[in-house]
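What follows is a set of notes on a single structure, which appears directly below.
Because the structure is a prediction, the values reported are computed rather than measured.
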Amino acid sequence: MDQMHVEGDLDLDQTLYSEAEIVTRLKEMATQIESDYEGKDLLLVGVLKGAVMVMADLARSLDRHVEMDWMAVSSYGSGTQSSGVVRILKDLDTDLSGRHVLIVEDIIDTGLTLSWLITNLRSRGPASVEIATLLRKPEAQRMDVDVKYVGFDIPNAFVVGYGLDYDERYRNLRCIGTLSPHVYS
């Protein structure tokens, strides 16, 4: 789905990043990841559902073999604010002992969910745990989270597209845009 399908409904206030800009940035991140993990086995851990598009394009941009696994955690209901309560909806199938783990996220806003996730994964004995995210909202952060790879820093606005949703809508939008408040208010 491209932006013309939602802009006609006035659901987006503005487009922040086009599909081409996103793919280009993910390729740049992949180049850095390849360099940093040269000679090491790498396990990408995608955070469902939002990171599906990011993880797919990041993995395809890597010129190396990687393993992938998925975890689903939730601190959102159908609203636009983090609840701060984290639930595991789907756990990993892979043993992390001695593994180099790269968590792949779509967005980091408050950092509450990710802080919890990092603690949880580090307790499983990996060699390392790092984070790659397509988007980060520095103004919204309430927990200090060390993110090694950041695609774009964005303003503290509600965004959708490229895996990001509002009430399970807009995930397949090829760009990232700010959602008009009339949609969620």
Side-chain angles (χ1 to χ4, degrees), residues 1 6 11-12 16-17 22 26 29 43-59 66-96 99 101-126 129-181 183-185:
M1 176 168 74
V6 293
D11 287 356
L12 291 186
L16 296 177
Y17 301 103
I22 295 165
L26 287 172
M29 292 168 63
L43 173 66
L44 300 180
V45 172
V47 181
L48 294 170
K49 300 178 188 173
V52 169
M53 309 298 186
V54 177
M55 180 117 141
D57 285 346
L58 180 65
V66 292
E67 288 183 51
M68 292 187 268
D69 201 348
W70 297 93
M71 189 167 194
V73 296
S74 177
S75 67
Y76 287 89
S78 62
T80 62
Q81 298 294 316
S82 175
S83 68
V85 177
V86 179
R87 297 180 304 144
I88 295 178
L89 304 176
K90 184 235 177 272
D91 207 345
L92 298 173
D93 297 321
T94 308
D95 179 7
L96 300 186
R99 304 293 305 270
V101 176
L102 181 61
I103 300 169
V104 179
E105 270 279 27
D106 52 350
I107 190 167
I108 299 170
D109 50 29
T110 65
L112 294 171
T113 303
L114 192 55
S115 177
W116 179 90
L117 181 59
I118 292 164
T119 300
N120 181 288
L121 295 184
R122 284 187 176 149
S123 74
R124 301 179 192 201
V129 176
E130 297 292 348
I131 303 157
T133 187
L134 180 60
L135 304 173
R136 177 176 60 183
K137 293 182 183 179
E139 294 171 22
Q141 277 193 269
R142 294 179 18 204
M143 292 290 287
D144 188 31
V145 179
D146 185 26
V147 182
K148 190 161 187 176
Y149 310 99
V150 177
F152 304 101
D153 281 329
I154 63 170
N156 191 15
F158 196 79
V159 294
V160 293
Y162 211 79
L164 295 150
D165 76 304
Y166 172 67
D167 211 13
E168 294 301 322
R169 294 183 64 212
Y170 310 102
R171 284 193 197 279
N172 60 327
L173 185 61
R174 294 177 183 270
C175 66
I176 293 172
T178 56
L179 191 61
S180 180
V183 176
Y184 57 85
S185 53

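A 4.5 Å side-chain heavy-atom check between Leu112 and Val86 finds every atom pair outside the cut-off. Residues Trp116 and Val73 are in side-chain contact: their nearest non-hydrogen atoms beyond the backbone lie under 4.5 Å apart. Under the 4.5 Å side-chain criterion, counting only non-hydrogen atoms from C-beta, Leu135 is in contact with Leu164. Residues Thr133 and Val150 are in side-chain contact: their nearest non-hydrogen atoms beyond the backbone lie under 4.5 Å apart.
One finds the CG atom of Asp69 at 8.5 Å from the CG atom of Asp91 (value rounded to the nearest 0.5 Å). Atom-to-atom distance recorded for Ile108:CD1 and Ile154:CD1 is 11.0 Å, nearest 0.5 angstrom. Expressed to the nearest 0.5 Å, how far CG of Asp109 lies from CD of Gln141 amounts to 8.5 Å. Expressed to the nearest 0.5 Å, how far CD1 of Ile131 lies from CG of Leu114 amounts to 4.0 Å. In this structure, CH2 in Trp70 is found 14.5 Å from CG in Leu89, a value given to the nearest 0.5 Å. For the atom pair CZ of Arg142 and OG1 of Thr110, the computed distance is 5.5 Å after rounding to the nearest 0.5 Å.
Lys137 meets the salt bridge (charged side-chain N to carboxylate O under 4.0 Å, His left out) test with no other residue; sequence neighbours excluded. Partners of Asn156 by side chain to side chain donor-acceptor pair (under 3.5 Å), not counting sequence neighbours: none found. When the side-chain contact (heavy atoms from CB on, under 4.5 Å) test is applied to Pro181, the partners found at least two apart in sequence or on another chain are Asp13, Tyr184. Among residues two or more places apart in sequence or in another chain, the side-chain contact (heavy atoms from CB on, under 4.5 Å) test is passed with Asp146 by none. Take Arg122 and apply the salt bridge (charged side-chain N to carboxylate O under 4.0 Å, His left out) test, not counting sequence neighbours, and it matches no residue. Glu67 meets the side chain to side chain donor-acceptor pair (under 3.5 Å) test with Arg99; sequence neighbours excluded. Residues passing the salt bridge (charged side-chain N to carboxylate O under 4.0 Å, His left out) test with Asp95, sequence neighbours excluded: none. Legend: residues meeting salt bridge (charged side-chain N to carboxylate O under 4.0 Å, His left out) with Lys148, ordered by chain and number and at least two apart, are Asp36.
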Could you walk me through whether Leu12 and Val183 pass the side chain to side chain contact (heavy atoms under 4.5 Å, CB included) check?
CA-CA 9 Å; Leu12 291 186; Val183 176; over 6 Å; no
Test side chain to side chain contact (heavy atoms under 4.5 Å, CB included) on Asp106 and Val47; report intermediate values, then the result.
CA-CA 8 Å; Asp106 52 350; Val47 181; over 6 Å; no
Between Asp11 and Arg169, does the side chain to side chain contact (heavy atoms under 4.5 Å, CB included) criterion hold? Intermediate values first, please.
CA-CA 11 Å; Asp11 287 356; Arg169 294 183 64 212; 4.0 Å; yes
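For residues 133-152, every residue pair satisfying the ring pair (Phe, Tyr, Trp, His ring centres under 6.0 Å) rule, not counting sequence neighbours, is listed here: Tyr17-Phe152.
Closest of all the heavy-atom pairs between Gly161 and Ile176 is O-CG1, 4.0 Å. Of all heavy-atom pairs between Arg171 and Gly163, the closest is NH1-O, 2.7 Å. Minimum interatomic distance between Leu48 and Ala72 (heavy atoms only, all atoms of both residues): CB-CB, 3.9 Å.
The closest donor-acceptor contact from the side chain of Ser123 to the backbone of Asn120 lies under 3.5 Å.
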Exercise answer: donor-acceptor pairs, residues 50-59 side-chain atoms, under 3.5 Å, sequence neighbours excluded:
residue: Asp57; atom: OD1; partner: Arg60; partner atom: NH2; Å: 2.2
residue: Asp57; atom: OD2; partner: Tyr162; partner atom: OH; Å: 2.0

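Screening Ile88, Ile103, Asp93 for a side-chain contact (heavy atoms from CB on, under 4.5 Å) involving Met71 leaves a single residue, Ile88.
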